[in-house]
Amino acid sequence: MSRGRKIGNALLFFGILCLISAGFLAFPDGDTVMKSLPPDAPLFGPLEVSEDRSVYKIGIRQSVPYGHWSHISGEVLDKNKKPLFGFGDELWAETGYDSEGGWSEKKDAYDYKILLDKGTYYLDFSLECSAPPCKSFLMTVEKKRGSAVPFIIPGIIFILLGILIHMFASRKS
């Protein structure tokens, strides 16, 4: 085996190892909390974080009637219920007809990952919708093992470099 192929194999191996590590970190680390929150009192907490730099995934799901939208935004509050930062997204459902016939599309969920240090936190949500009264929504909080991002990017780069070096070594021989 040529030197180029050995280097290509090593890069492919490290790339695959990085992606496997990213997959491991993406799994939950503990129990997932699911709670249906009413539109008029959407405060959740306390959320006790036991380690610095803990990754949490906040999931929002709501059934939106066709032809309508709903905007659910959240704020992360500290132990004194002072805002730290916010997030949000619009959920919607549409249907109609075009030259190809009937169609329907919807977005009824979004996820947001946050990084928290050790402490006590609350989540405060606000809800706006096009068809009052607004419906309740499902919120999930899931602790992750860590952030997968630092492993995904090098994994992709190593795999691409490994493939390029393999292609270059094959052309040379």
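For the numbers below, each heavy atom of this structure counts, side chains included, while hydrogens, waters and symmetry mates do not.
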Problem - Hphob cluster co-occupancy, Leu25 + Leu17, side-chain heavy atoms under 4.5 angstrom - result: no
Problem - Residue pairs, two or more places apart or on separate chains, that pass salt bridge (charged side-chain N to carboxylate O under 4.0 Å, His left out) and touch residues 143-163 - result: Asp29-Lys143, Glu142-Lys144
Problem - Sub-4.5 Å side-chain heavy-atom contact between Ser70 and Leu127 - result: yes
Handout entry: Test ring pair (Phe, Tyr, Trp, His ring centres under 6.0 Å) applied to Phe125 and Phe44, step by step
Key = CA-CA 8 Å; Phe125 294 95; Phe44 172 78; 8.1 Å; no
Exercise for the section: Indicate, with yes or no, if Met139 and Leu116 share a hydrophobic cluster defined by side-chain heavy-atom contacts under 4.5 Å among Ile, Leu, Val, Met, Phe, Trp and Tyr. Expected result: yes
Exercise for the section: Kindly compute the distance separating CZ (Arg3) from CD1 (Ile165), expressed to the nearest 0.5 Å. Expected result: 10.5 Å
Practice task
Nearest 0.5 Å please: distance from the OH atom of Tyr121 over to the OG atom of Ser54.
Solution key: 9.0 Å
Practice task
Sequence neighbours left out, what pairs pass salt bridge (charged side-chain N to carboxylate O under 4.0 Å, His left out) with at least one residue falling in residues 78-90?
Solution key: Asp89-Lys107
Practice task
Using the rule that two of Ile, Leu, Val, Met, Phe, Trp, Tyr join whenever any of their side-chain heavy atoms come within less than 4.5 Å, decide whether Val149 and Ile114 are in one cluster.
Solution key: no
Exercise for the section: Can you measure from CD (Glu75) to CZ (Phe85) and round to the nearest 0.5 angstrom? Expected result: 10.0 Å
Problem - Non-hydrogen side-chain atoms of Phe87 and Ser73 separated by less than 4.5 Å - result: no
Handout entry: CD on Glu94 to NZ on Lys106, rounded to 0.5 Å
Key = 12.5 Å
Completion exercise
Test side-chain contact (heavy atoms from CB on, under 4.5 Å), reference Lys135, set Cys129, Pro65, Pro38, output is Pro65
Problem - Side chain to side chain, Leu19 and Phe151, heavy atoms closer than 4.5 Å - result: no
Completion exercise
In terms of heavy-atom contacts, His166 and Asn9 come closest through NE2-OD1, 2.7 Å
Handout entry: Side-chain touch Asp108/Gln62, heavy atoms, less than 4.5 angstrom
Key = no
Exercise for the section: Find out if a path of hydrophobic residues (ILVMFWY) with successive side-chain heavy-atom gaps under 4.5 Å connects Phe13 to Ile16. Expected result: no
Exercise for the section: State plainly whether one hydrophobic cluster holds both Val141 and Leu84, where clusters connect Ile, Leu, Val, Met, Phe, Trp and Tyr through side-chain heavy atoms under 4.5 angstrom apart. Expected result: yes
Problem - Non-hydrogen side-chain atoms of Ile7 and Leu161 separated by less than 4.5 Å - result: no
Handout entry: Note, Val49 side chain near Asp117 side chain (heavy atom, < 4.5 Å)
Key = no
Problem - Considering all heavy atoms, the nearest Arg61-Ala109 contact - result: NH1-CB, 3.5 Å
Handout entry: With sequence neighbours excluded, residues passing salt bridge (Lys or Arg N to Asp or Glu O under 4.0 Å) with Asp124
Key = none
Problem - Within 6.0 Å of OH in Tyr66, more than 12 heavy atoms from elsewhere - result: yes
Problem - Lys35 side, atom NZ; Leu123 side, atom CG - distance, nearest 0.5 Å - result: 11.0 Å
Handout entry: Exercise: identify the closest heavy-atom pair between Ile72 and Tyr110
Key = O-OH, 2.7 Å
Practice task
Locate the shortest heavy-atom distance separating Trp103 from Tyr97; write the atom from each residue and the value.
Solution key: NE1-N, 3.5 Å
Exercise for the section: For Ile152 and Ala22, work out which heavy atoms get closest and say how close. Expected result: CG1-CB, 3.6 Å
Exercise for the section: Compare all side-chain heavy atoms of Tyr56 with those of Leu47 and state whether any distance is below 4.5 angstrom. Expected result: yes
Handout entry: pair Leu77-Leu43: side-chain heavy atoms closer than 4.5 Å
Key = yes
Completion exercise
Rounded to the nearest 0.5 Å, the CG atom of Asn80 sits from the OG1 atom of Thr120 at a distance of 9.5 Å
Practice task
Consider only side-chain N and O atoms of Thr140 and Thr32, and report whether a donor and an acceptor are under 3.5 Å apart.
Solution key: no
Exercise for the section: Could you tell me which non-hydrogen atom of Ser36 sits nearest to which non-hydrogen atom of Ser136, and how far apart they are? Expected result: OG-OG, 3.7 Å
